[in-house]
Amino acid sequence: MTQPVLVAVAWPYASAEIHVGNITGSYLPADILARYHRLRGRDVLMVSGSDSHGTPVTVRADEDHATPEEVYKRYHVGFIELFQKLGLTYDIFTSTHTRTHFDVANKLFLSLKENGYLYTEESKQWYSPAQERFLPDRYVEGTCYFCGKTGARSDQCDHCGHLLEAEKLIDPKSRIDGSTPELRETTHFYLDLEKLEEPVTEFLRERQSYWRPNVIRQSLGQIETSGLRGRPITRDLYWGVPVPVEGWEGKCMYVWFEAVIGYLSSVVEWSRLHDDPEAWHHWWTNQKSRAYYCIGKDNIPFHAIIWPAELIGVGESFDEKMGAADPQPLVLPYDVPANEFMNLEGKKLSGSHNWAVWGLDFLERYDPDPLRYILTVNMPETRDSDWDWEEFYQRNNNELVATWGNLVNRVLAFAFKHWDGAVPIPNELREGDLALLQTIRTGFKTVERYLEAVKLRAALLEAMRLAGEVNKFLDSTGPWFEIKMDKDAAAKSIYTAIQAIDWLKMIFAPFLPHTCEKLHTYLGGAQPIFGQLVTREIEDDLGTHTVMLYEPGESLSAAGEDLWQPFELVPGKAFKQPAPLFKKLDESIVAEERARLGN
RNA sequence: GGCGAAGUAGCUCAAUGGUAGAGCAGUGGACUCAUAAGCCAUUGGUUGGCGGUUCAAAUCCGCCCUUCGCCA
């Protein structure tokens with residue numbers, strides 16, 4: 001057992017497809033982090049799943065005349081297909097509609113209740129007598145009391161943009177059957193955030209020095225200016241996790257409260273699926289465990305305030321309910337490296353106007369590593385960034401193909417031709433050879449510092465700079481010239497370059513896993529660097545659900561050893577004839593792809 | 001209306017009070033192992049505007065302009 005690292009990834013809403021903005025915002029940075037820590041030999045668990053509850057799913061179900069379950073499953077399998085193709089190494093990607101999640105959510109809810117952090121309050125909500133149920137805000141529309149336009153939702157008017165108080169809406173109608181709803185009293189549980197304000201503030205202050213400023217601003221800054229107020233955590237909704245209290249039938253937990261519990265329940269599920277039901281403690285009650293939460297900026301308050309508040313309020317009670325003899329508190333987030341948003345060709349992404357680049361659609365025409373590359377160098381780590389097809393085309397050809405892919409190809413092709421498929425034997429290396437190797441060796445440390453600080457774009461740009469150093473080295477030694485005069489000198493140059501490439505392979509691996517794996521086989525690697533993603537159907541009393549699992553298998557990174565270091569390349573070792581790692585793109589794709597937008 | 005962010009080379013961005021930089025694009029050159037890739041050199045800035053603090057400001061403060069986001 002080594003250092004536990006929990007990589008907790010935002011749960012996609014199972015009511016919309018995933019676009020490049022979602023990928024660069026949370027899923028891809030999570031995988032880069034997870035793969036890096038896997039290479040370090042740490043006990044990584046990367047977890048997430050489909051957020052299958054909540055009104056977006058029921059709204060979509062009503063529109064499609066399907067059940068919420070059918071809707072969530074349709075998107076869920078699409079997510080898994082995308083993540084497999086992209087190579088996102090989720091140890092488990094599951095769903096919130098599982099018995100394990102319901103159990104864990106119940107235990108968490110009851111722990112908070114018993115510890116005195118929940119209270120109940122009455123409020124007025126729209127109720128449909130015809131359907132005998134309360135209607136969520138977006139199911140009720142009427143006339144806006146600000147601008148007088150019809151078609152306003154009861155929580156917001158799309159015409160004037162005002163947020164509305166539901167009960168003031170003029171002439172309300174149900175969107176389902178057009179009937180007139182009435183206001184009824186209803187009671188809900190609230191999370192007592194006022195009571196938790198002090199420990200949450202302390203939690204944030206302890207992490208203030210190394211968290212991203214945007215995250216601190218929206219959490220600690222928010223609390224310091226406005227304080228915290230209680231929030232309802234239940235709703236009158238049939239689709240979700242039922243409130244586990246007698247007399248509360250027909251009410252479910254509010255999705256913002258319940259979905260984050262998935263970070264815990266998915267680890268419990270992973271443990272059960274691996275026949276080691278207590279394994280979850282390693283990540284969740286071991287205070288040495290480091291938990292990273294990879295999310296987009298829209299989720300900052302939930303992950304930096306509310307989820308820590310839930311965990312603090314639960315204390316040791318959850319572990320106790322899980323049957324621990326010596327119950328421990330749950331591990332609080334170590335870092336919440338939230339990203340800003342990615343726009344598209346200068347405009348905000350919009351799924352409904354097809355102003356988006358969809359993940360699965362992209363992978364129909366292009367490979368995963370170029371996507372990972374462009375999304376990493378443009379990752380919105382400090383501010384909103386922009387997806388631009390011209391830039392994708394340029395960077396693919398000028399950077400991935402020309403700098404890195406061509407470096408690999410020119411060196412291996414040359415070596416294969418002149419040394420018969422074996423790494424040349426260099427004998428004594430020259431000063432310049434040693435200097436280059438020292439540069440790359442130092443690169444491990446530099447890139448490591450960036451990755452530990454979750455500065456992924458700086459890390460990748462540094463790796464590219466190192467590849468450029470090898471190109472410079474080749475031009476200064478000129479092995480194609482040396483080979484004619486002094487084959488031993490050429491052997492030194494080429495050995496040095498292959499050694500550098502072999503090291504860079506490991507440095508690039510978290511970012512560009514597919515091509516690095518390919519390069520690894522060219523260089524004679526017998527075992528793969530990383531494991532594989534598989535799917536399984538799981539059955540419980542709620543039905544079946546598909547999970548995606550990461551299987552380390554016989555891969556190098558499965559052994560728990562630190563691979564993030566410059567291992568010596570054995571002279572004379574056999575390697576394979578290389579093929580280009582990346583495809584050069586034709587300029588015409590820019591116009592073609594732009595033509596697809598906005599239809 | 002309130003709060004926040006951003007404005008730096010043609011483009012994308014870096015530079016947390018100490019000589020304004022990088023990549024791409026542009027221009028010139030030498031080379032040929034390689035996916036016509038790579039390498040060397042080079043052009044290009046009143047850091048949105050005005051004022052202030054300071055020995056020193058892209059950076060801190062005030063006002064204004066522009067763009068974007070969140071909230072009412």
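Given the structure is predicted, the values throughout are model-derived calculations rather than measurements.
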Open item on the list: If I pick the C1' atom on B/rG21 and the same atom on B/rA58, what distance separates them, to the nearest angstrom?
Closed with: 12 Å
- [ ] Measure from the side chain of A/K484, starting at C-beta and using heavy atoms only, and say which of B/rC13, B/rC39, B/rC33 lies closest.
- [x] B/rC33
Task: A/N22: side-chain contact (heavy atoms from CB on, under 4.5 Å) partners, not counting sequence neighbours - done: A/I18, A/H19, A/Y27
Task: Span that lies between the P atom of B/rU8 and that of B/rU59, in whole angstrom - done: 14 Å
Task: Base-pairing string, 5' to 3', of RNA chain B - Watson-Crick or wobble, under 3.5 Å, | interstrand - done: (((((((..((((....[..)))).((((.........)))).....(((((..]....)))))))))))).
Task: Pairwise C1' distance, B/rG51 and B/rA57 [rounded to whole Å] - done: 13 Å
Open item on the list: Say we look at B/rU27 and B/rG44: how far apart would their P atoms be, to the nearest angstrom?
Closed with: 16 Å
Open item on the list: Give me the distance, rounded to whole Å, that separates B/rA20 from B/rA9 when you measure between the P atoms they each carry.
Closed with: 16 Å
Open item on the list: With the criterion set at under 5.5 Å between ring centres and under 30 degrees between planes, would B/rC33 be stacked on A/W480?
Closed with: yes
TODO: Ignoring hydrogens and angles, answer whether the base of B/rG38 and the side-chain atoms of A/N406 contain a donor-acceptor pair closer than 3.5 Å.
DONE: no
Task: Closest to the A/E391 side chain, choosing from B/rU12, B/rU35, B/rA25 - done: B/rU12
- [ ] Could you tell me which non-hydrogen atom of A/W211 sits nearest to which non-hydrogen atom of A/P333, and how far apart they are?
- [x] CZ2-O, 4.3 Å
Task: Stacked cation flag A/R231 on A/W256, 6.0 angstrom / 45 deg - done: yes
Open item on the list: Among B/rU35, B/rC24, B/rU12, which nucleotide has an atom closest to any side-chain atom of A/N378?
Closed with: B/rU12
Task: Euclidean distance for C1', B/rG38 against B/rU43 (whole angstrom) - done: 22 Å
Open item on the list: More than 12 heavy atoms of other residues, nucleotides or ligands under 6.0 Å from NZ of A/K455: yes or no?
Closed with: no
